[in-house]
Amino acid sequence: MSKRNIGLSQPAYQHILSLIMTKQLMPGDRIPETRIAEEFNISRTPVRDAMRQLCNEGLIEIFPNRFAQVQVYSDEAIREIGTLRVALDTMSVKLAGLYGSRADFLRLLETAEQCSSAAAAGDGELRRKYDSEFHFGLAQIAGNSLLQKFQKELQLRVQFIQLHHPSPIANETRHLQQHKDIAAALMEHDERKALELVCNHLTTFYNLDDYYPENFFQITF
């Protein structure tokens with residue numbers, strides 16, 4: 001892709017992303033490629049470049065020579081993402097417990113509190129942002145660049161699922177409190193508690209206990 005096309009595609013990318021994340025485009029809706037090109041006074045090529053980027057990030061699906069639509073995640077696809085997140089976050093917790101400092105965990109706690117405050121204020125966009133930052137923050141404290149890369153690549157998918165395929169959490173306040181409890185457990189050097197909390201946090205959201213055998217995610221030492 002030329003530098004010119006990159007420059008032209010980014011406004012289109014941000015526009016399509018905004019349409020999806022504000023529910024102006026819903027799962028299964030077609031991307032109005034021609035209209036977007038006309039709106040930004042550009043050719044369809046940079047719009048297609050923007051759609052390819054969003055396809056790589058898991059937010060849209062492209063049917064070559066036909067059309068592109070907002071991604072529709074199946075229960076299986078959501079479960080696969082949830083399973084991967086458990087694996088990433090449990091390893092992040094173990095490494096964070098090994099390498100993290102009290103200052104690191106205090107910053108993590110601050111992010112957890114910001115997430116809860118955003119939820120209490122009814123700001124779903126900010127709540128999803130801080131939720132992503134919390135889990136990415138675990139990977140940062142872990143100090144593993146691949147963990148950070150995988151978490152970063154999942155962020156938009158996770159935010160999309162939270163917005164368009166929300167899990168019926170019985171107690172949202174308790175669910176978000178677990179962020180704070182994870183940070184507190186790490187500050188107390190209680191690895192077992194932190195691992196149990198992060199597993200419960202994710203398996204509950206993704207309904208993984210209804211799919212995997214009992215005690216599948218049980219933490220053993």
Side-chain angles (χ1 to χ4, degrees), residues 1-88 115 118-119 121-136 148-169 172 175 202-208 210-211:
M1 190 191 308
S2 69
K3 289 183 178 179
R4 172 176 168 77
N5 279 346
I6 291 174
L8 292 175
S9 70
Q10 281 309 296
Y13 167 88
Q14 292 295 337
H15 180 66
I16 299 169
L17 177 61
S18 176
L19 290 175
I20 293 171
M21 299 308 287
T22 57
K23 290 189 171 183
Q24 295 177 68
L25 286 175
M26 299 293 287
D29 286 352
R30 294 192 182 190
I31 309 299
E33 178 184 328
T34 301
R35 191 185 77 200
I36 292 170
E38 292 172 351
E39 183 174 341
F40 285 89
N41 195 27
I42 56 178
S43 72
R44 292 165 68 178
T45 298
V47 178
R48 289 171 179 169
D49 290 339
M51 293 193 300
R52 277 192 289 271
Q53 183 178 348
L54 286 161
C55 181
N56 290 336
E57 293 171 341
L59 266 60
I60 71 171
E61 184 174 10
I62 295 175
F63 298 89
N65 301 317
R66 296 172 61 198
F67 60 88
Q69 68 177 33
V70 180
Q71 185 65 263
V72 179
Y73 277 104
S74 65
D75 290 344
E76 180 181 2
I78 293 173
R79 187 164 57 244
E80 287 179 353
I81 290 172
T83 303
L84 179 57
R85 291 195 72 200
V86 173
L88 293 175
C115 186
D123 191 332
E125 181 180 0
L126 202 56
R127 177 238 187 270
R128 292 188 294 274
K129 172 181 178 290
Y130 285 127
D131 183 279
S132 291
E133 287 186 5
F134 178 86
H135 292 276
F136 183 66
Q148 293 172 40
K149 177 178 182 291
F150 295 148
Q151 285 280 17
K152 202 74 173 176
E153 289 178 356
L154 282 177
Q155 279 187 350
L156 278 180
R157 288 175 171 87
V158 171
Q159 291 183 28
F160 179 92
I161 290 168
Q162 289 175 338
L163 178 64
H164 291 289
H165 302 273
S167 174
I169 298 295
E172 173 78 356
H175 183 72
L202 294 171
T203 56
T204 299
F205 181 81
Y206 291 98
N207 299 312
L208 299 180
D210 294 337
Y211 179 78

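Heavy-atom basis, side chains included; hydrogens, waters and symmetry copies ignored.
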Participant: Enumerate the residue pairs fulfilling salt bridge (Lys or Arg N to Asp or Glu O under 4.0 Å) with a member in residues 18-34, sequence neighbours excluded, ordered by first and then second residue.
Facilitator: E33-R44, E33-R48

Participant: For Y211, give me all partners under ring pair (Phe, Tyr, Trp, His ring centres under 6.0 Å), at least two apart in sequence or on another chain.
Facilitator: none

Participant: Checking F134 now: which residues fulfil ring pair (Phe, Tyr, Trp, His ring centres under 6.0 Å) with it, not counting sequence neighbours?
Facilitator: H179

Participant: Among residues two or more places apart or on two chains, list those pairs meeting salt bridge (Lys or Arg N to Asp or Glu O under 4.0 Å) that have a residue in residues 53-68.
Facilitator: none

Participant: Return the set of residues passing side chain to side chain contact (heavy atoms under 4.5 Å, CB included) with A119 (not counting sequence neighbours), or none when no residue passes.
Facilitator: R127, L176

Participant: Can you list every pair that meets side-chain hydrogen bond (donor to acceptor under 3.5 Å, both in side chains) and has a residue in residues 75-84, with sequence neighbours left out?
Facilitator: T83-Y212

Participant: For Q162, enumerate each residue passing the side chain to side chain donor-acceptor pair (under 3.5 Å) test, keeping only those at least two apart in sequence or located in another chain.
Facilitator: D131

Participant: Under the rule for side chain to side chain contact (heavy atoms under 4.5 Å, CB included), what residues qualify as partners of T203, not counting sequence neighbours?
Facilitator: V86, L208, D209, F217

Participant: With sequence neighbours excluded, tell me which residues meet ring pair (Phe, Tyr, Trp, His ring centres under 6.0 Å) with F40.
Facilitator: H15

Participant: Listed by chain and number, what are the side chain to side chain contact (heavy atoms under 4.5 Å, CB included) partners of L84, not counting sequence neighbours?
Facilitator: L88, L154

Participant: Once side chain to side chain contact (heavy atoms under 4.5 Å, CB included) is applied, do any residues pair with E125, and if so which ones, sequence neighbours excluded?
Facilitator: D123, R128

Participant: Apply ring pair (Phe, Tyr, Trp, His ring centres under 6.0 Å) to Y73 and list each qualifying residue two or more places apart in sequence or on a separate chain.
Facilitator: F160

